[in-house]
Every structure is written in C-alpha cells, then in structure tokens.
Amino acid sequence: MATPFDFYAALNDLLDQVPEDQVTTPRQLSLAMGDPIATQAIEDALRREDYEEHIYKVVQSLGSGKAAFSDFVTDEPLNKLAETQRRMAEKVISIDTFYGITKIAGVDAAYYDDRAYCACVVLERDRAMECGTAVVDSSFPYIPGYLAFREAPAVISAARKVSGFDVLLVNGHGVAHPRGCGLATHVGLELDAPTIGVAGRRLVGEGKEDRGDWRLIVHRGRVVGAELPREEGSALYVSVGHLISLETSVEIVRSLMGKLGLPKPIAMAHARALDEKNHPR
DNA sequence: GCGACAG
DNA sequence: ATCTTGTCGC
C-alpha cells in the first residue's frame with residue numbers, strides 16, 4: 001500500500017512559490033494541484049489549516065487589472081491520483097465470485113476535523129456478530145471524486161480488524177464514479193474482497209431503464225449502478241465495488257434495507273463510528 | 001456561460 | 001462529513 005498523499009503539504013509547497021509581490025486564487029491553486037474540482041476544498045483548507053504565513057497571498061477574486069500568479073512548478077498530483085484510479089478501474093471484476101453469503105459487513109467513518117473514527121460491523125443472519133474499529137488521521141480533504149484518498153486508509157484498517165466476511169458494504173460509490181473507481185472499488189481492490197458501493201447521493205450518471213422497483217444508472221453509455229427509491233423520496237445509489245455483480249449487489253442491499261434509509265450493516269457501522277468519535281478512549 | 005459535485 | 005436554527009411533512 002502506497003504512502004497516503006499529503007494534500008496539505010503539497011498546497012503549502014505551492015503557496016511557497018507565490019512571489020511576495022503577487023497573489024493567486026483558490027482556483028489557480030486547484031489547477032496547479034491538478035483538478036479544478038478541488039477549489040472548494042482548498043478554500044476550506046486555507047481557512048482551517050496552518051496557512052497564516054501564506055494566506056495573504058490568496059484572494060478570492062482579482063482586483064482591477066491584476067492577474068493571479070499561476071506559473072507554478074507542479075506535477076499536478078491530483079492528476080496523478082486520477083490516473084491511479086483509471087488504472088485501478090481496469091482491474092475491477094464485476095461478476096459474482098462466491099457461492100454463499102453468510103457474513104455481511106458494513107463500514108462507515110465519523111470525523112473530528114481530519115481524524116477518522118471508523119467502524120466495521122459484521123452481521124450474520126441479521127445479527128451483529130463482530131465489530132472492528134480504527135482511528136486514522138488523514139492529510140487529505142474531501143474532494144468530489146477523490147474520497148478514497150481521504151477515507152480508504154481508515155476503512156481498510158477497520159475492515160482488517162474483523163475475522164472475516166463474505167461481502168463488505170461501503171458508504172460511498174463503487175464504479176459509479178467519474179473514473180470508475182470510487183471508495184468501495186478502491187477498498188475492494190486493496191483488500192481483494194467483494195465490496196458493494198452504497199451512497200445517498202449521485203456522483204455521476206442518470207437513472208435510465210426501469211427494472212421494476214429500481215432503475216439502472218447510466219454514465220457515458222455504460223451501466224454503472226442502480227438507483228433504488230427510498231421512503232423519504234430520495235434514492236439510494238448502489239454500484240459494484242469489486243468481485244460481485246450489480247444484480248447481486250442490488251439484491252443484497254434490498255434484503256438489508258428494512259427501514260432507516262440505509263442497509264443495516266452500514267447503519268450499524270455509522271452508529272458505532274459516531275460512538276467511537278464521541279467516546280474516544 | 002452556468003451548474004453539478006459520494007463522505 | 002460536521003455545525004446548527006428554524007421549518008416542512010407524516
């Protein structure tokens with residue numbers, strides 16, 4: 001497993017490059033990082049982290065006639081991470097690779113700033129049998145499409161603390177992702193275990209063909225997941241993580257949907273993660 | 001050009 | 001995700 005990328009350190013390096021008599025913008029910084037979608041995350045980071053030394057070099061909008069400094073020397077790290085995701089996406093196996101399912105696990109994380117409190121709950125016959133937890137500090141903010149680089153280390157650590165499971169439900173998309181490698185897929189590939197992506201909001205694609213109770217989500221002409229209607233009116237988005245088919249993924253999630261809006265394993269992991277965050281030992 | 005954008 | 005007041009719906 002590669003060393004987690006330190007987004008905040010990279011941002012600091014960019015700020016160091018801004019000349020004393022010039023200013024830049026969060027937008028220019030995001031482009032230098034390799035993806036403009038990180039603009040918001042950078043604005044937040046500059047406010048929350050220790051950037052007092054450089055914050056005066058950043059302005060939201062440019063004054064009259066001024067140009068933002070943009071001549072950064074950079075290897076565009078987010079671009080590299082995106083390429084990593086594209087490579088990982090090629091390794092996804094979206095067919096069922098097991099015979100029976102007895103143990104179903106769910107993972108979720110709760111945060112205190114950049115510290116993730118993660119829990120993995122294993123259910124057998126609808127009963128919680130085991131729970132693994134992990135506390136992992138991250139140096140990477142939430143950026144749409146790059147969630148795995150913030151959360152996967154914690155999720156993987158918690159999942160490795162339980163004795164075993166047949167399939168793991170992950171709170172986040174699987175292949176229903178801009179580059180086909182969301183958190184659930186990232187985790188499944190690293191653990192080499194079956195995973196299903198479960199999300200409360202859509203990241204890419206749109207509901208197309210009706211399949212009775214649910215519909216297929218299509219992105220760039222490819223089926224990448226399923227949209228299941230929920231009681232409240234919103235929908236639940238299910239996609240293949242790794243080593244499982246979409247049909248089986250939907251079947252499993254629906255069988256665990258009871259109430260609560262989330263499948264039981266994830267709902268329980270969510271509650272447990274919150275508990276760990278509020279009652280750290 | 002404007003908006004969308006997992007947790 | 002997290003914080004947090006008022007508010008919409010069952």
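Chain naming here is simple, since letters A, B, ... match the order of the sequence lines and numbering starts at 1 in each. FYI, side chains are in, hydrogens and waters are out, and symmetry mates aren't considered; it's all heavy atoms of this structure.
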For dT2(C), take OP1 and OP2 only and decide whether either is under 4.0 Å from a side-chain N or O of Lys277(A).
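Checking dT2(C) against Lys277(A), a side-chain N or O does come within under 4.0 Å of OP1 or OP2.
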Grab the [atom1]-[atom2] distance between [X] and [N] for me, whole Å please.
X: Asp44(A); N: dC3(C); atom1: CG; atom2: P; value: 15 Å
X: Glu276(A); N: dA1(C); atom1: CD; atom2: P; value: 17 Å
X: Asn278(A); N: dA1(C); atom1: CG; atom2: P; value: 13 Å

Sequence-aligned protein contact record of nucleotides 2-7 of chain B, with B where the base is within under 4.0 Å of a protein heavy atom and S where only the sugar-phosphate is:
---BBB
Please work out if Ala110(A) contacts a base, only the sugar-phosphate, or nothing of the nucleic acid, heavy-atom cut-off 4.0 Å.
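Sugar-phosphate, backbone atoms only, no base.
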Do the rings of Phe140(A) and Phe149(A) sit parallel, tilted or perpendicular, given the 30° and 60° boundaries?
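If you compare the ring of Phe140(A) with that of Phe149(A), the planes turn out tilted.
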Can you see whether [X] engages [Y] through a side-chain donor-acceptor pair at a distance of less than 3.5 angstrom?
X: Glu151(A); Y: Tyr146(A); answer: no
X: Asp50(A); Y: Tyr8(A); answer: no
X: Glu130(A); Y: Ser163(A); answer: yes

Heavy atoms of other groups near Glu53(A) CD, more than 12 under 6.0 Å:
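Atom CD in Glu53(A) is not crowded, with 12 or fewer foreign heavy atoms closer than 6.0 Å.
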Any carboxylate oxygen within less than 4.0 angstrom of a Lys/Arg side-chain nitrogen, looking at Arg86(A) and Glu83(A)?
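Result for this pair is yes, salt bridge flagged.
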